[in-house]
Amino acid sequence: MKRFAVALAAALVLAFAGTASAQAPIVIKFSHVVSPEAPKGKAANVFKELAEKYTNGKVKVEVYPNSSLYKDKEELEALQLGSVQLLAPSISKFGPLGVREFDIFDLPFLMTDDTHARQMMASPMMAELNKKLETKGVTPLAYWDNGTYVYTASKPLLMPEDFRGMKMRIQGSKVLDATARQLGAIPQIIAFGELYQALQTGVVDGEDNVPSNIWTQKFYDVQKYLTVSNHGRLTYSLLTNTKFWNSLPADVRPQVDRAVKESTEYFNETAAKDNVDALDKIKATGKMQFHVLTDAEKKAWVAALMPVHKEMQSRFGKDFLEKIYKASGFVPPQS
Ligand code: LMR
């Protein structure tokens, strides 16, 4: 009888533990710096919905938008420490991770072709770079393409010389720093979450970004001029903590991978459309004066910025640079 009671108690404990673990979902904290209405914000919410649905609630995703948990630099540190499990930072902000190769994608006018850009980020060529990130404890699960940049500023930016003496906000890469300096501007790294105020108070005079960010952050309230220049590209990496991702149970991982794949498709479709719409909506406010670079102006910008490609050759190596030129479809102009 006593033996039966002990067995019954043990069975009850096991059953209770089973229920408890079934009730305790794996939590994925997803931190990002943009508005929930921006393409990244929307895709983060789609990922949450799909991951929770496909895993039948075994996974719970908490999305923290608008730098509400961490700003640019802190979120990368938090990911390495495992305080968050998912981010989607711009690859121009990888400097603090110590993987300098990613800066190459910021070379001026390198990534202007949408098809090449997307194919390149999904190509096996990226495997080597992804491995470098893994040595830092983070794994890129996908790349999200947010399209090309426009410039906003407190004065019209039509020709390269218009940048002289301008304090320009940059996201962080060494190439973006060199680009601003080449134009005679003064670059300053500012976290995205602090950018509106920096533009409002004149800490910086301008910045480059995608229209959907300018729209959702209301930069049109604090910047008078916009130049459609398409000189660079905003690519995100959906980034996780390697240890965490590898520890996901076998009955959860494929479903979460499916949510990654589908939210990536969602992002790429949404971003392209949102950026076109955002440009129209900004125009409709009547608060910014628009200028689209003419062919002659664009030629002058390319000529003024090619020295950055030359300068960066020693940083990245000629072979790597040529590989990237080929993959991105970039043809350097004859000098
Ligand atoms: C920026 O810092 O301007 C962008 O990278 C913000 C973002 O994540 O879209």
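In listed order, ligands and their atoms are each counted from 1. For the single chain, residues carry numbers from 1 onward in sequence order.
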Just the distances, no angles: every ligand 1 N or O to protein N or O pair closer than 3.5 Å, one line each.
residue, atom, partner, partner atom, Å
ligand 1, 2 (O), Lys93, NZ, 2.6
ligand 1, 2 (O), Arg169, NH1, 3.4
ligand 1, 2 (O), Arg169, NH2, 2.8
ligand 1, 3 (O), Arg169, NH1, 2.8
ligand 1, 3 (O), Asn209, ND2, 2.9
ligand 1, 5 (O), Lys93, NZ, 3.2
ligand 1, 5 (O), Gln171, OE1, 2.8
ligand 1, 8 (O), Lys40, NZ, 2.6
ligand 1, 9 (O), Asn213, ND2, 2.8
ligand 1, 9 (O), Tyr236, OH, 2.4

Any salt bridge (charged side-chain N to carboxylate O under 4.0 Å, His left out) involving residues 194-208? Give me the pairs, sequence neighbours left out, ordered by first then second residue.
-> Lys71-Glu194

Which of Leu86, Leu141, Val63 passes side chain to side chain contact (heavy atoms under 4.5 Å, CB included) with Phe47? Answer is Leu86

If Ile, Leu, Val, Met, Phe, Trp and Tyr residues are connected whenever their side-chain heavy atoms lie under 4.5 Å apart, and connections chain through other members, are Phe316 and Val308 in the same group?
-> yes

Partner of Tyr220 by ring pair (Phe, Tyr, Trp, His ring centres under 6.0 Å), out of Trp215, Tyr225, Tyr196 = Trp215

Thr227 (side chain) donor-acceptor with Ser229 (main chain) under 3.5 angstrom = no

Might you point out which heavy atoms bring Ser35 and Thr216 nearest each other, and give the distance in Å?
-> CB-CB, 3.7 Å

